[in-house]
Amino acid sequence: MYLTLILLYFFPIQSLYSPMIELVKSMELYRTASPFDRRVTALEWHPTKSDILAVGSKGGDIILWDTEHFDKDKIVQGIGAAGSCQAMKFWPWDRDKVVSASINGTVTLHDFELQTGTVLADTMNSYDHWYCSLDVNTNRYIVAAGRNQGILHLMSTEGRKIFEYRLHKNKVTHVEFSPREEWMLCTASTDCTVQLWDIRFIKDRKSVVEKLVHDKPVNSAYFSHTDGCRLLTTDQGTNIRVYRAPYWHLETTIEHPHRFFQHITPFKATWHPLQDLIVCGRYPDKNFPGSGQELRTIDIFEAENGKTVAQLYNPSSNGLCPLNKFNWQGDALATGMGFHILLWNRQKLISRKQLNLMESMSSKPGQSSSSSSRNLASDPLSSSRQRPRPSKKKKTTDEDIDDLKKKTKTKTSDNTKTRKK
DNA sequence: GTTGACTTTAGCTCT
DNA sequence: AGAGCTCCAAGTCAAC
């Protein structure tokens with residue numbers, strides 16, 4: 001298995017596609033967690049530890065979820081309402097830290113150990129100006145962050161301003177540095193464009209290198225992980241597009257239902273790390289050509305021809321899945337589904353210790369679920385923590401953190417309706 | 001336990 | 001630039 005992965009990493013050859021597709025097809029729901037009081041807004045796998053997943057929420061809480069061990073999770077608490085974590089990355093120079101772009105108007109470097117946050121940028125007016133996208137350039141020690149009014153902000157790793165200009169007419173939904181050309185930056189926007197920039201010469205809108213015009217607002221634009229030669233965009237309508245270097249011509253258009261709705265996290269198609277496979281959640285549309293029985297599936301396509309190669313679905317977790325990301329080994333997929341996090345992988349043998357723990361959790365009293373709630377608790381592998389919804393925006397204190405930790409330790413099994421009456 | 005009101009920093013169009 | 005309308009998911013909470 002590992003030999004195959006290594007081979008595929010170094011030799012991404014067409015003829016070796018099928019083993020990876022077979023692996024993806026065999027994936028099943030393995031664990032779930034519900035640590036937040038608001039919906040999931042951002043997912044990021046740890047760059048080296050393939051079991052660690054960072055998840056951000058609409059309340060600004062960020063959790064480092066250890067997907068293999070219980071009670072190893074780390075949390076930083078957000079401000080609640082108006083603190084939505086819009087994007088985040090592991091800090092390349094200290095991978096126990098996470099930098100986030102937030103709707104509270106800041107770009108903040110979070111330390112999970114010390115429970116502190118270093119503010120790198122602050123708009124000082126979070127209602128009108130906030131950050132909604134972020135990436136880090138390891139070679140040039142630059143943090144790029146996009147704002148809701150179309151401004152791109154480049155800063156040093158200490159937060160010193162390098163560049164700030166309104167490059168888009170509207171919200172910059174996604175920024176990403178090319179893994180291939182370290183000077184190349186891609187920005188996606190709700191002004192219906194994806195634009196490529198050379199940060200060595202970036203000055204104003206005229207300095208754009210390439211402009212890829214879409215029919216609808218664009219949620220994301222990811223460079224492929226295999227060689228960085230493909231760019232995957234997701235619009236707010238029915239298009240997933242793949243553009244191809246060096247001239248960034250449109251290579252594939254996939255018709256796919258993933259429309260925008262205000263009160264759900266925008267859908268973003270992402271790459272498989274070892275093969276040019278695309279994963280994207282589906283918004284239910286019975287009338288959409290090719291829709292099967294299950295309308296809320298997670299669909300996986302081949303980039304080259306747009307062919308559907310797999311669909312993931314589990315009846316016990318029947319919600320919209322706008323966020324999906326493979327870990328860097330490609331053997332696990334994380335999904336953000338409403339307030340919940342799902343983990344898919346090939347069925348694993350579960351240790352006796354884990355089984356005992358799960359059995360003891362599922363036998364806890366007072367964990368019935370109402371008819372309107374989702375049936376996640378019936379998943380024997382489900383782990384969950386929930387806390388009461390905070391009343392109003394308030395400053396996070398050490399007591400709050402202690403309180404949160406206490407609650408996350410005591411609530412484990414039921415992730416549906418265990419909140420206090 | 002069930003039901004329904006309420007809440008939610010988006011995007012589009014018109015003025 | 002701002003008001004008002006529309007997209008209609010998924011949770012909380014109070015009343016019954």
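We use all heavy atoms of the structure for the numbers below, so side chains are in, but hydrogens, waters and symmetry mates are not. Protein chains get the first letters and strands the later ones, always in sequence-line order, with residue 1 at the start of each. These figures come from a predicted structure and were not determined experimentally.
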Note to self: Among residues at least two apart in sequence or on other chains, which ones pass side-chain contact (heavy atoms from CB on, under 4.5 Å) with Ser178(A)?
What the structure shows: Arg180(A), Glu181(A), Met184(A), Phe223(A)
Checklist line | Distance, P atom - from dC8(C) to dT3(B), rounded to whole angstrom | finding: 23 Å
Notebook entry, point to check: What is the distance from CG of Asn148(A) to C1' of dG11(B), rounded to the nearest Å?
Noted result: 13 Å
Notebook entry, point to check: When the distance from CG of Asn318(A) to P of dG11(C) is rounded to whole Å, what number comes out?
Noted result: 11 Å
Name the pairs: protein N/O against N/O of nucleotides 12-15 of chain B, kept only if under 3.5 Å.
none

Check: Quick one: side-chain hydrogen bond (donor to acceptor under 3.5 Å, both in side chains) partners of Arg259(A), sequence neighbours excluded?
Finding: none
Checklist line | Rounded interatomic separation in angstrom, taking CG from Asp37(A) and C1' from dC13(C) | finding: 15 Å
Item checked: Rounded distance (Å) that lies between atom P of dC7(C) and atom CG of Asn219(A) -> 19 Å
Check: Has Arg147(A) got its NZ or CZ under 6.0 Å from the middle of the six-membered ring of Tyr131(A), at an angle within 45 degrees of the ring axis?
Finding: yes
Note to self: Lys89(A) vs Asp135(A), test: salt bridge (Lys or Arg N to Asp or Glu O under 4.0 Å). Steps then yes/no.
What the structure shows: CA-CA 7 Å; Lys89(A) 289 278 172 183; Asp135(A) 197 16; 3.6 Å; yes
Margin query: If we ignore hydrogens and angles and just use 3.5 Å, is the side chain of Thr252(A) paired with the main-chain N or O of Glu304(A) as donor and acceptor?
Written below: yes
Notebook entry, point to check: Asp215(A) CG to dG11(B) C1': how many Å, rounded?
Noted result: 16 Å
Note to self: For His263(A) and Phe261(A): C-alpha separation, side-chain torsions, deciding distance, then whether ring-ring contact (aromatic ring centres under 6.0 Å, His included) applies.
What the structure shows: CA-CA 6 Å; His263(A) 302 299; Phe261(A) 170 52; 5.5 Å; yes
Next item on the list: Indicate whether OP1 or OP2 belonging to dG11(B) is found under 4.0 Å from a side-chain N or O atom of Lys171(A).
Entry: yes
Checklist line | ring pair (Phe, Tyr, Trp, His ring centres under 6.0 Å) contacts touching residues 165-203 of chain A (sequence neighbours left out) | finding: His174(A)-Tyr222(A)
Notebook entry, point to check: Do we get Arg282(A) above Tyr313(A)'s six-membered ring, with its NZ or CZ under 6.0 Å from the centre and within 45° of the axis?
Noted result: no
Check: What is the distance, rounded to the nearest whole Å, between atom CZ of Arg38(A) and atom C1' of dC6(B)?
Finding: 14 Å
Notebook entry, point to check: With His258(A), which residues qualify under side-chain hydrogen bond (donor to acceptor under 3.5 Å, both in side chains), at least two apart?
Noted result: Asp235(A), His256(A)
Next item on the list: Measure the distance from OH on Tyr127(A) to P on dA10(B) and round it to the nearest whole Å.
Entry: 8 Å
Notebook entry, point to check: Near DNA chain C, which residues from residues 257-264 of chain A have a heavy atom under 4.0 Å away?
Noted result: Arg259(A), Phe261(A), Gln262(A), His263(A), Ile264(A)
Notebook entry, point to check: Atom CD of Gln149(A) and atom P of dG11(B): how far apart are they, to the nearest Å?
Noted result: 12 Å
Check: For dC8(C), does OP1 or OP2 lie under 4.0 Å from any side-chain N or O of Tyr283(A)?
Finding: no
